[in-house]
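Below, each value reflects all heavy atoms present in this structure, side chains not excepted, and no hydrogens, waters or symmetry copies. Chain A is the first sequence line, chain B the second, and so forth, proteins listed ahead of strands; every chain is numbered from 1.
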Number of protein chains: 2
Amino acid sequence: MNIKHASGVTGLPAKTIRYYEDIGLVKPDRADNGYRDFSDVHLHKLSFLARARDLGFSISDCRDLLALWEDQDRASSDVRAIAKQHLTAIEAKIAGLQDMRATLADLVQTCAGNDRPDCPIIDRLRKG
Amino acid sequence: MNIKHASGVTGLPAKTIRYYEDIGLVKPDRADNGYRDFSDVHLHKLSFLARARDLGFSISDCRDLLALWEDQDRASSDVRAIAKQHLTAIEAKIAGLQDMRATLADLVQTCAGNDRPDCPIIDRLRKG
DNA sequence: CTTGACCCTCCCGTGACGGGAACCTTTATG
DNA sequence: CATAAAGGTTCCCGTCACGGGAGGGTCAAG
């Protein structure tokens with residue numbers, strides 16, 4: 001199965017699939033003409049990666065998760081640890097963004113937004 | 001005032017200040033020995049940038065905000081438009097992260113996290 | 001006079017790809 | 001059978017906002 005087909009099945013752009021091969025996440029076979037040849041196992045791995053990336057796992061996380069996925073004797077606690085850590089990071093990011101949102105919403109609300117130069121947003125950025 | 005001092009006053013690393021000069025956000029004078037020399041106006045600009053970046057504005061946004069800051073005849077609506085757009089982007093980002101959090105929290109909760117290979121997190125990533 | 005703390009420029013690396021050039025192979029069509 | 005379109009390949013540069021470090025000049029203190 002060539003890369004275009006693999007792209008269609010997994011939803012990943014061909015460029016991304018090549019990149020994943022570059023960094024060693026998947027190792028497709030090669031046909032005689034040099035074209036990549038993806039088996040069902042490769043496709044499963046790529047789909048796995050697509051879903052993990054969609055959940056915001058980093059490539060490094062994905063590498064670990066993929067290793068655990070391939071390890072029949074894995075302990076679920078290992079997987080859970082990665083997920084928990086990622087969850088904590090996401091929650092921190094959300095909290096930071098919510099702070100930003102509060103400040104910005106406040107500024108936007110107190111700004112008249114008219115033709116006059118008087119602007120509390122600029123004032124705030126000016127004075128801290 | 002040399003770059004170390006400017007860094008201390010604004011809280012920006014020296015590297016960042018040099019970068020801001022590279023991309024044309026600030027244009028400090030130069031002393032005879034080639035050292036950058038920052039005036040009060042430069043420091044105000046840098047502090048402005050530090051606060052705007054802290055609120056998550058992109059460098060491109062900052063460039064626009066800085067131009068408006070310097071324009072005594074600006075309309076506050078122009079500033080408000082940038083801030084509102086940024087606010088919308090932040091809210092979208094928060095929503096996306098909250099979705100992720102919900103899914104991940106669910107997965108983490110249903111995972112036993114013991115020594116056995118049975119793991120709902122992997123299952124979910126495997127099957128979609 | 002030397003030491004150490006500054007300063008400078010320049011180049012490489014980050015994360016996770018995207019765009020595009022230059023070139024080869026396969027497939028469909030006149 | 002020739003050709004054109006649509007696939008494939010590698011390779012290199014660009015993204016964003018800097019950080020790290022090399023290699024070298026400058027300055028103040030002991």
The reported gap from CG in B/Leu66 to CG in B/Leu25 (rounded to nearest 0.5 angstrom) is 6.5 Å
Got a second to check how far B/Asp61's CG is from B/Arg53's CZ, nearest 0.5 Å?
9.0 Å
What is the distance, to the nearest angstrom, from the [atom1] atom on [X] to the [atom2] atom on [N]?
X: B/Ile23; N: D/dC18; atom1: CD1; atom2: C1'; result: 10 Å
X: B/Asn2; N: C/dA5; atom1: CG; atom2: C1'; result: 11 Å
X: A/Glu21; N: D/dT9; atom1: CD; atom2: C1'; result: 11 Å
X: B/Asp32; N: D/dC27; atom1: CG; atom2: C1'; result: 14 Å
X: B/Asp37; N: D/dC27; atom1: CG; atom2: P; result: 13 Å
X: B/Ile17; N: C/dC7; atom1: CD1; atom2: C1'; result: 13 Å
X: B/His5; N: C/dC7; atom1: NE2; atom2: P; result: 11 Å
X: A/Met1; N: D/dG8; atom1: CE; atom2: P; result: 12 Å

Distance-only, no hydrogens or angles: does the A/Arg80 side chain make a donor-acceptor pair with backbone N or O of B/Cys111 under 3.5 Å?
yes
Any donor-acceptor pair under 3.5 Å from A/Ser7 side chain to A/Ile3 backbone:
no
Joint cluster assignment, A/Ile122 & B/Val41, ILVMFWY side-chain distance < 4.5 Å
no
For nucleotides 17-26 of chain C, just jot down a letter per nucleotide in 5' to 3' order: B, S or -, based on protein non-hydrogen atoms under 4.0 Å.
BSBB----BS
Would A/His42 and A/Ser39 count as having a side-chain donor-acceptor pair, cut-off 3.5 Å?
yes
Verify whether one side chain among A/Ser76 and B/Asn114 offers a donor that lies under 3.5 Å from an acceptor in the other.
yes
Any side-chain N or O of A/Arg36 less than 4.0 Å from the OP1 or OP2 oxygen of D/dG8?
no
OP1 or OP2 of D/dC16 sitting under 4.0 Å from any side-chain N/O of B/Arg63?
no
Looking only at D/dT10, D/dG7, C/dC8, the nucleotide nearest the B/Arg30 side chain is C/dC8
Does B/Glu70, at its CD atom, have more than 12 non-hydrogen atoms belonging to other residues, nucleotides or ligands within less than 6.0 Å?
yes
Over 12 non-hydrogen atoms of neighbours within 6.0 angstrom of CG in A/Asn33:
yes
How bent is the helix from C/dC1-D/dG30 to C/dG30-D/dC1, comparing axes over its five end pairs at each side, to the nearest 10°?
30°
Within the structure shown, what part of the strands sits under 4.0 Å from A/Ile3 by heavy-atom distance: base, sugar-phosphate, or nothing?
sugar-phosphate
